[in-house]
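The structure under discussion appears below in the form of structure tokens.
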Amino acid sequence: MTNTNIETQNTSNSKAHIIVVSNEKGGTGKSTLSMHLAIDLMQEGFKVACIDLDGRQGTLTKYIENRKKFCQHNQINLAIPAIYTFAPEEDFRLIEKSREQVSDKIKELSQIYDAIIIDTPGSKNYLFDEAHFHADTLITPISDSLIDLNAIADIDLDSKTIGKPGHYAAFVWEVKKQLAAKGHAYLNWIVVGNKTSTYNSKNKNIVFEYLEKLGKLFGFRFTPGLKDRIIYKELFLMGLTVLDMQHPDLRMKMTMSHLAAKREVKSVSAFICPE
């Protein structure tokens with residue numbers, strides 16, 4: 001990931017650049033993408049903290065815990081992001097206090113770190129909402145499913161017409177308006193084609209074509225992201241990323257699939273923060 005945008009953000013506002021990884025749907029690879037972005041930033045020399053707002057499932061938290069255990073067991077010094085985990089309160093009387101705790105933690109960490117990556121729940125709740133109102137960059141992973149496309153817009157495939165914004169796009173529009181009202185003029189919204197087929201399928205091409213069009217209508221940039229590769233699942237168990245494999249203390253053998261995965265990560269990172 002190039003340094004330009006994050007350095008500018010941190011210098012001008014004396015606070016971290018906040019990256020929220022979110023989609024109102026589970027299973028789109030948010031945690032895998034969050035972890036790889038965090039490690040890429042740390043390898044570039046940035047101080048990074050992660051916040052896992054899906055504390056019940058805790059996928060990102062478990063990923064980082066696996067990394068700590070792997071490093072301790074193998075006596076290896078790898079970059080490990082700080083992790084803070086929150087789960088939603090079931091008692092409605094505690095919701096407002098819980099929301100304030102999350103907001104305060106984000107503000108506190110903003111004074112310490114260069115970047116904060118927030119992994120959100122797969123369904124909408126008050127923690128999901130709160131994360132968006134702190135975002136400088138919003139990354140929305142979406143699979144190559146026509147069903148998932150409905151979160152962005154209603155699409156009539158027979159007539160090839162685009163209807164009203166989907167529930168998630170409508171929510172992001174409200175977020176943009178509220179951020180603008182608070183003087184935050186720009187939200188860098190990026191939609192990433194994630195956990196997509198490794199094959200050049202007709203279905204994937206249709207989804208990507210529509211996302212390119214929708215980006216112009218709804219104000220986001222689109223880029224292909226991480227494909228649905230077994231390597232990502234295997235590395236999760238060790239807490240590793242494809243960016244770690246050539247570390248001097250590891251020197252793991254990299255196949256063509258590993259190299260392609262590494263290029264995917266670097267491509268997404270460069271797209272998020274272009275020079």
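This one's a predicted model, so the numbers in the text were calculated from it and none came from an experiment.
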Evaluate Gln43 against Leu243 for side-chain contact (heavy atoms from CB on, under 4.5 Å), listing each step before the verdict.
CA-CA 9 Å; Gln43 289 182 352; Leu243 303 173; 3.7 Å; yes
Heavy-atom donor-acceptor pair, [X] side chain to [Y] backbone, under 3.5 Å:
X      : Y      : value
His184 : Tyr186 : yes
Ser103 : Glu130 : no
Asp136 : Ile18  : yes
Tyr63  : Leu240 : yes
Arg67  : Leu78  : no
Glu89  : Ser98  : no
Asn74  : Ile76  : no
His258 : Thr255 : yes
Thr140 : Ser22  : yes
Asp154 : Gly166 : no

In plain terms, say whether [X] and [Y] are close enough for a salt bridge, that is, a side-chain N and a carboxylate O under 4.0 Å apart.
X      : Y      : answer
Asp40  : Lys262 : no
Lys97  : Glu100 : no
Glu209 : Lys213 : yes
Asp144 : Lys202 : no
Lys124 : Glu24  : no
Glu108 : Lys105 : yes

Looking at side-chain heavy atoms only, is the closest gap between [X] and [Y] below 4.5 Å?
X      : Y      : answer
Glu65  : Ile80  : no
Gln57  : Lys62  : no
Ser159 : Asp156 : yes
Ile162 : Leu217 : yes
Val20  : His134 : no
Pro224 : Val192 : no
Leu149 : Leu211 : yes
Trp189 : Val172 : yes

Set out, in order, the CA-CA distance, both residues' side-chain angles and the distance that settles ring pair (Phe, Tyr, Trp, His ring centres under 6.0 Å) for Phe128 and His132, then state yes or no.
CA-CA 7 Å; Phe128 179 98; His132 287 73; 4.7 Å; yes
Between Leu33 and Leu226, is a side-chain contact (heavy atoms from CB on, under 4.5 Å) present by the stated rule, with each step listed?
CA-CA 8 Å; Leu33 184 57; Leu226 312 186; 4.2 Å; yes
Looking only at non-hydrogen atoms, find the nearest pair between [X] and [Y] and report the distance.
X      : Y      : value
Asn203 : Leu146 : OD1-CD1, 3.4 Å
Leu127 : Pro88  : CD1-N, 3.5 Å
Val242 : Met254 : O-CE, 4.1 Å
Val268 : Gly225 : CG2-CA, 3.6 Å
Gly122 : Asp54  : N-OD2, 4.2 Å
Ala38  : Pro81  : CB-CG, 4.3 Å

Between Thr85 and Thr61, does a side-chain hydrogen bond (donor to acceptor under 3.5 Å, both in side chains) hold up when you go through it step by step?
CA-CA 7 Å; Thr85 308; Thr61 302; 2.7 Å; yes
Give the C-alpha distance, both sets of side-chain angles, the deciding distance and a yes or no for salt bridge (Lys or Arg N to Asp or Glu O under 4.0 Å) between Lys233 and Asp228.
CA-CA 9 Å; Lys233 300 178 180 68; Asp228 191 15; 3.0 Å; yes
Looking at Asn77, I'd like to know if its CG atom is crowded, meaning that more than 12 non-hydrogen atoms belonging to other residues, nucleotides or ligands lie closer than 6.0 Å.
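No - once you tally the heavy atoms of other residues, nucleotides and ligands closer than 6.0 Å, there are 12 at most.
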Could you tell me whether Leu157 atom CG has more than 12 heavy atoms of other residues or ligands within 6.0 Å of it?
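Count over threshold, so yes.
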Any residue meeting salt bridge (charged side-chain N to carboxylate O under 4.0 Å, His left out) with Lys107, in chain and number order, not counting sequence neighbours:
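So Lys107 forms no salt bridge (charged side-chain N to carboxylate O under 4.0 Å, His left out) with any residue.
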Report the C-alpha distance between Tyr168 and Phe218 in whole Å, list the side-chain angles of each, state the deciding distance to 0.1 Å, and finish with yes or no for ring pair (Phe, Tyr, Trp, His ring centres under 6.0 Å).
CA-CA 11 Å; Tyr168 185 70; Phe218 299 153; over 10 Å; no
Would a single hydrophobic cluster contain both [Y] and [X], if residues Ile, Leu, Val, Met, Phe, Trp and Tyr are joined by side-chain heavy-atom contacts under 4.5 Å?
X      : Y      : result
Trp173 : Ile142 : no
Ile147 : Val191 : no
Met245 : Met256 : yes

From [X] [atom1] over to [Y] [atom2], what is the distance, rounded to the nearest 0.5 angstrom?
X      : Y      : atom1 : atom2 : answer
Ser143 : Lys195 : OG    : NZ    : 8.5 Å
Thr28  : Asn23  : OG1   : CG    : 5.0 Å
Met238 : Leu250 : CE    : CG    : 8.5 Å
Leu179 : Lys176 : CG    : NZ    : 10.0 Å
Ile106 : Gln111 : CD1   : CD    : 12.5 Å
Ile64  : Thr59  : CD1   : OG1   : 11.5 Å

What's the verdict on side-chain contact (heavy atoms from CB on, under 4.5 Å) for Thr196 and Asn194, showing C-alpha distance, side-chain angles and the deciding distance?
CA-CA 5 Å; Thr196 57; Asn194 213 50; 5.7 Å; no
For salt bridge (Lys or Arg N to Asp or Glu O under 4.0 Å), just list the numbers for Lys177 and Glu174, CA-CA rounded to whole Å, side-chain angles, deciding distance to a tenth of an Å, and then say yes or no.
CA-CA 5 Å; Lys177 289 196 294 185; Glu174 290 301 318; 3.1 Å; yes
So Tyr126 and Glu96, side-chain contact (heavy atoms from CB on, under 4.5 Å) or not? Walk me through it.
CA-CA 9 Å; Tyr126 70 94; Glu96 191 56 37; over 6 Å; no
